[in-house]
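Predicted, not measured: the structure shown is a model, and the values here were computed from it.
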Amino acid sequence: MRLIPLLILSSPFFFAQNIAQKLDAATKNLLSSTPAYAANLSFYVADEGGNFIYEYRGNQGLSSASTQKIFTAAAVLETLGTNYQYTTTASYSGNINNGNLSGNLFVTSNGDPTLGSWRYEGYKPENFKQKFLDALKQKGISKISGDLVLDDSYFDSQTIPGGWPWNDLGNYYGAGVWGLNWRENQFDIIMNGKEMKNLNVDLPNVKWINDVKTGGSSDQSLVFTAPFSEVAIINGTLPAKSVTVSGSMPNPPLTLGSEIKNWLKESGIDFKGKVTSTSMQRINGETIQNAPKNSILLEYKSPTLDKIVFWFLRKSVNFYGETFVKTLAKEKKNEGSFDAGIAYLKEFWKAKGINPAMINFADGSGLSPQNYVSARAEVQSLLWSRKQPWFNEFFDGFPVQGNGMKMKSGTMKDTKSFAGYHTSKDGKKYVFAIIINNYQSSNLSDALYKVLNVLK
């Protein structure tokens, strides 16, 4: 009779031991495979209470790719709150007399990453356009005698985090961060084979070098641009049919300015001035003209932060992550730089109990190969996030992966990671992260699914 309660009390231990044994067998099977000959793996599993289940080099820092976004998303939700909104402002200098604005028209922002985005109903380019023109109409403006100045000075002038590879910068997922962003700083080219047919937006002053070749059945092209550059290159191969290739704008404020100039023309507002930005004024050695704090025409609010974080995690938008880093820097350190934002992220997670040696961040999105994060640190961040009042909004952004588990993924060349939460069919709740580097195969996801499926 005495043995029965002993067995009941011991059953959780035996259950955990059994799961650990199965995870260990699956992990060893993965690492014994040919593609893993020179691979590094960090794997950590806990239960919902934070109790240890299994690890394989859980403290080892590896390039985690986009699972690093969980750190940025949680920090920005906690620091700024789910209802935080960015603001874009239109204002003017001079006076308005008889419909004539005898001064400059300004547009500025505190870095709204959603301005002109296509992802949010009611916040698309046409919505901003209509509110902008309505604001001019309400003031009776029919002529602008001065210039259109895009004030992008809210953040510093470094638009790309240090360490990003050159062959990423020109592609849509390598878009930089300005103080004034537009259309997620992304442009689309309609390509017909190797012929450039059309761009969806104007890229002022940009000249193209087209080295595309026709071949294959999928998009294997690369776009090369750099911030403020007036030269862009597209190369690689494209199928002999119509394909849309997406790149990163070299100068988003000027692209927005070009669109606004067209809006003014379409609506019959006489404008013959030039389009410029505070960045271009600085580059050209001109007097910098910042937007006035008064004489406001329009204050345009972004969607709330919880909705932005949803898309940040669901579609893994690198641009959002880097904007968050600069926003945190500006809000908490009064310095809109990547360095200040990364320093804040490290301080934030150290204060939550994570060993700083396990969170060697280089950016906010995971794109830089200079990032080093451990699986244990990712699990610790997930466990902390699970206790926060915004957890449901956070977790809602996690996609369902190919094996049916809802988890954030990360992908770079020969690198794959997953991090998330899972309830097994027998009701056990797990928190986990797995990262593999230098696994030389095309089916990285399937390889890790075989390990993670043990938790199902």
Legend entry - CA sep, side-chain torsions, deciding dist, call: Arg183, Glu259, salt bridge (Lys or Arg N to Asp or Glu O under 4.0 Å): CA-CA 11 Å; Arg183 295 181 180 265; Glu259 290 204 41; 2.8 Å; yes

Inset, instruction - Take Tyr300 and Phe132 through the ring-ring contact (aromatic ring centres under 6.0 Å, His included) test and state the conclusion after the steps. - result: CA-CA 9 Å; Tyr300 184 85; Phe132 181 83; 9.9 Å; no

Legend entry - ring-ring contact (aromatic ring centres under 6.0 Å, His included) between Trp178 and Phe228, intermediate numbers included: CA-CA 11 Å; Trp178 273 254; Phe228 306 110; 5.7 Å; yes

Legend entry - Check against side chain to side chain donor-acceptor pair (under 3.5 Å), Glu184 and Ser117: CA-CA 6 Å; Glu184 298 190 6; Ser117 173; 2.8 Å; yes

Inset, instruction - Given ring-ring contact (aromatic ring centres under 6.0 Å, His included), test Phe361 with Phe71 step by step and report yes or no. - result: CA-CA 10 Å; Phe361 302 142; Phe71 294 99; 5.2 Å; yes

Inset, instruction - Run the numbers on Phe432 and Tyr421 for ring-ring contact (aromatic ring centres under 6.0 Å, His included), then give the verdict. - result: CA-CA 6 Å; Phe432 61 89; Tyr421 311 83; 8.0 Å; no

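For residues 392-417, no pair satisfies salt bridge (Lys or Arg N to Asp or Glu O under 4.0 Å), with sequence neighbours left out. Within the structure, salt bridge (Lys or Arg N to Asp or Glu O under 4.0 Å) pairs that include any residue of residues 371-389 comprise Glu48-Arg386 (at least two apart or interchain).
In summary, Lys28 and Asp24 engage in a salt bridge, as defined by a charged side-chain N under 4.0 Å from a carboxylate O.
Asn40 CG to Ser63 OG: the interatomic distance, rounded to the nearest 0.5 Å, is 10.0 Å. In this structure, CD1 on Ile260 lies 11.0 Å from CG on Leu254, to the nearest 0.5 angstrom.
Residue Ser64 is tested with Ile436, Ile359, Val373, Ile70 for a side-chain contact (heavy atoms from CB on, under 4.5 Å); the sole match is Val373. In summary, of the residues considered (Phe312, Phe338, Phe155), a ring-ring contact (aromatic ring centres under 6.0 Å, His included) with Phe324 occurs for Phe312 alone. For the salt bridge (charged side-chain N to carboxylate O under 4.0 Å, His left out) criterion with Asp156, the lone passing option out of Lys326, Lys330, Lys333 is Lys326.
One side chain, Tyr86 or Thr327, offers a donor N or O that lies under 3.5 Å from an acceptor on the other. Donor-acceptor pairing under 3.5 Å is lacking for the side chains of Thr89 and Thr108. One side chain, Asn318 or Lys69, offers a donor N or O that lies under 3.5 Å from an acceptor on the other.
When ring centroids are compared, Trp166 and Phe224 come within the 6.0 Å threshold. In this structure, Trp384 has its ring center closer than 6.0 angstrom to the ring center of Phe348. Ring pair Phe52/Tyr44: centre-to-centre distance below 6.0 Å.
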